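Excluded from the calculations below are hydrogen atoms, water molecules and symmetry mates; all remaining heavy atoms, backbone and side chain alike, are included. Treat the numbers as computed from the prediction; the structure is a model and nothing was measured. Each chain gets a letter, A, B and so on, in the order the sequences are listed, and its residues count up from 1.
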Amino acid sequence: MPELPEVESVRRDLIRRRLRGRRIVRVRGSGKPLRMNRPVPLAGLGRAARGRRIVALERLGKYLLLGLDGGPQLLCHLGMSGNLLIVPRRQPWAPHTHVVFELDDGRDLRFVDPRRFGLIDVCPRAGARAHPALAGLGVDPIAEGLPDGYLWTKAQRRTAGVKALLLDQHVVAGVGNIYASEVLWLARIAPGRPARRLGPDGARALSLAIDEVLRFAIDNGGTTLRDFVGAGGEPGENGEYLLVYGRDGTPCPRCRTKVRRRVDQGRATYFCPTCQKR
DNA sequence: ATCACGACCTGGAGGC
DNA sequence: TGCCTCCAGGTCGTGA
């Protein structure tokens, strides 16, 4: 589910719902492991968070960072099926609720993740990329912006397809499988074109398309295919505006050729065989 | 270093 | 109804 626009939508929801300034009074959880079968460090989360106020809500790529007063940060990744929800404490825990931060105003911040591909961890110091999960991340195209020429420097030595470049979080932090197809369509680039053959102009077109696709999706509250909801439980509207993802067999919005589906590195790609030739 | 692939886990959809 | 297979927004470890 959650690519950059969905995580950004959650971040904005959390701000709108006045999470900032709240104090965490207790941390509980299911005890089940998350990503990589690693246990959630509930005791460490409790030590880091108990009694502290949430003073910052940031995002880097698909990671959400909750800054606490006094220095530590809580790191959250939604994986494939994760949701962060603000709910009244009296509401029973939904199935697959794995981490619960009890707040000082009678609400809970809950992490619910059926497939358990997510991550919740402590970053002891608030250094920008102090956690190993963040250390190798590439540039966030929204929070940081892709510098001129950046993509082309990253693309030059790559023989794999442009889609793989887009999905590599060490290069661009935040693009996932849905928006990769959308970006390639907008930039008129064939998904399998070797990245090194993009050229500076193709890479520039790609940068612009990334920016446009992600901003548009954020404005629509992200894409809900199945599981994704914002912090208040509402789905995103962007699915209605997807141009090619999931639309195989329908006419390309530009040239009316039928959109095709194919599989690259095990993941579905949707594209127009006529107008994506670059 | 780069690349392709399978594994991780659960649930929904569709076929029979 | 039930059972089976396939598929899904992400990441990580492996081996070539």
Side-chain angles (χ1 to χ4, degrees), chain A residues 1-10 30-40 59-64 75-84 94-98 111-121 131-138 140 153-184 191-197 213-214 217-218 220-230 235-248 261-270:
Chain A
M1 140 228 204
E3 308 180 30
L4 187 154
E6 289 72 42
V7 180
E8 178 64 16
S9 297
V10 170
S30 67
K32 290 213 174 154
L34 297 179
R35 180 196 293 183
M36 294 276 79
N37 214 25
R38 286 202 194 103
V40 177
R59 182 192 55 72
L60 197 59
K62 299 171 191 171
Y63 289 87
L64 201 59
L75 185 66
C76 176
H77 190 293
L78 301 177
M80 216 55 154
S81 59
N83 283 306
L84 267 181
H96 310 294
T97 297
H98 296 303
F111 179 69
V112 180
D113 183 9
R115 293 177 71 181
R116 290 191 278 119
F117 288 168
L119 172 81
I120 304 265
D121 204 0
H131 192 280
L134 306 179
L137 274 190
D140 183 307
T153 63
K154 293 292 184 187
Q156 274 174 37
R157 311 229 182 124
R158 294 187 168 237
T159 56
V162 182
K163 193 193 177 204
L165 178 79
L166 282 177
L167 290 179
D168 187 343
Q169 301 299 299
H170 302 293
V171 178
V172 181
V175 176
N177 202 46
I178 294 178
Y179 298 113
S181 284
E182 298 291 296
V183 164
L184 290 166
R193 157 163 281 250
R196 65 201 303 181
R197 290 185 48 212
V213 165
L214 297 183
I218 291 169
N220 290 315
T223 299
T224 296
L225 291 187
R226 165 172 281 142
D227 305 315
F228 171 71
V229 291
E237 303 293 323
N238 195 61
E240 299 173 36
Y241 304 105
L242 293 176
L243 298 165
V244 286
Y245 185 88
R247 303 242 192 275
D248 49 321
R261 176 191 193 272
R262 67 175 214 186
V263 175
D264 296 288
Q265 289 128 216
R267 324 207 51 197
T269 309
Y270 299 86

Visitor: Quick check: closest heavy atoms across A/Y63 and A/A133, and the distance to 0.1 Å?
Guide: OH-CB, 3.6 Å
Visitor: Could you check if a side-chain atom of A/R59 sits within less than 4.5 angstrom of a side-chain atom of A/D140, using non-hydrogen atoms only?
Guide: yes
Visitor: Can you check the A/R115 CZ to C/dG10 C1' distance for me, whole Å?
Guide: 9 Å
Visitor: Please give, in whole Å, the distance from C/dG9 P to A/N83 CG?
Guide: 16 Å
Visitor: Rounded to the Å, how far apart are A/E182 CD and C/dG9 P?
Guide: 13 Å
Visitor: Considering only side-chain heavy atoms of A/R261, which listed nucleotide, C/dG13, C/dC7, C/dG9, is closest?
Guide: C/dC7
Visitor: Answer with base, sugar-phosphate or nothing: what part of the nucleic acid does A/R226 contact at a heavy-atom distance below 4.0 Å?
Guide: base
Visitor: Could you pull out all residues at least two apart from A/A160 that satisfy side-chain contact (heavy atoms from CB on, under 4.5 Å)?
Guide: A/A164
Visitor: Over how many whole Å does the gap from A/L64 atom CG to C/dG10 atom C1' extend?
Guide: 16 Å
Visitor: Counting a pair only when it is Watson-Crick or G-U and both distances are under 3.5 Å, which runs of at least 3 such pairs involve DNA chain C?
Guide: B:2-8 with C:10-16, B:10-16 with C:2-8
Visitor: So, the side chain of A/Q169 versus the backbone of A/G174: is there a donor-acceptor pair under 3.5 Å, distance only?
Guide: yes
Visitor: With rounding to whole Å, what would you report as the distance between B/dA7 and C/dT5 at their P atoms?
Guide: 16 Å
Visitor: Would you say A/E3's side chain and A/K62's backbone share a donor-acceptor pair under 3.5 angstrom?
Guide: no
Visitor: Specify the separation, in whole Å, of atom CG of A/N238 and atom C1' of C/dG9.
Guide: 13 Å
Visitor: For A/A268, report the nucleic acid contact type (base, sugar-phosphate, nothing); a contact means any heavy atom under 4.0 Å.
Guide: sugar-phosphate
Visitor: Counting distance only, does the side-chain N/O of A/R35 pair as donor-acceptor with the main-chain N or O of A/G79 below 3.5 Å?
Guide: no
Visitor: Which nucleotide in the list C/dC12, C/dA8, C/dG10 gets nearest to the side chain of A/R267?
Guide: C/dG10
Visitor: A/N177 side chain: which of C/dT11, C/dG9, C/dC12 is closest?
Guide: C/dG9
Visitor: Without decimals, in angstroms, what is the distance between A/E6 CD and C/dG10 C1'?
Guide: 12 Å
Visitor: Ignoring hydrogens and angles, tell me if any N or O in the side chain of A/S181 forms a donor-acceptor pair with the backbone of A/Y245 under 3.5 Å.
Guide: no
Visitor: When you check the gap from the basic side-chain N to the acidic O, do A/K154 and A/D168 get nearer than 4.0 Å?
Guide: no
Visitor: Just by distance, with hydrogens left out, do A/Y179 and A/E6 show a side-chain donor and acceptor under 3.5 Å apart?
Guide: yes
Visitor: If the cut-off is 4.0 Å, is A/K62 near the phosphate of C/dG9, judged by side-chain N/O to OP1 or OP2?
Guide: no
Visitor: Of A/P95 and A/M36, whose nearest nucleotide on DNA chain B comes first from the 5' end?
Guide: A/M36
Visitor: At the 4.0 Å heavy-atom cut-off to chain A, mark where contacts on DNA chain B begin and end, going 5' to 3'.
Guide: B/dC3 to B/dA13
Visitor: Nearest whole Å is fine: how far is C/dG10 P from A/L60 CG?
Guide: 16 Å
Visitor: Using whole Å, report how far CG of A/L134 lies from P of C/dT11.
Guide: 12 Å
Visitor: For A/G176, which contact category applies under a 4.0 Å heavy-atom criterion: base, sugar-phosphate, or nothing?
Guide: sugar-phosphate
Visitor: Classify A/T224 by what it touches in the nucleic acid, base, sugar-phosphate, or nothing, heavy-atom distance under 4.0 Å.
Guide: base
Visitor: Would A/F117 count as stacked on C/dG10 if the rule is ring centres under 5.5 Å and plane angle under 30°?
Guide: yes
Visitor: A/N83 side chain to A/F228 main-chain N or O, any donor-acceptor pair under 3.5 Å?
Guide: no
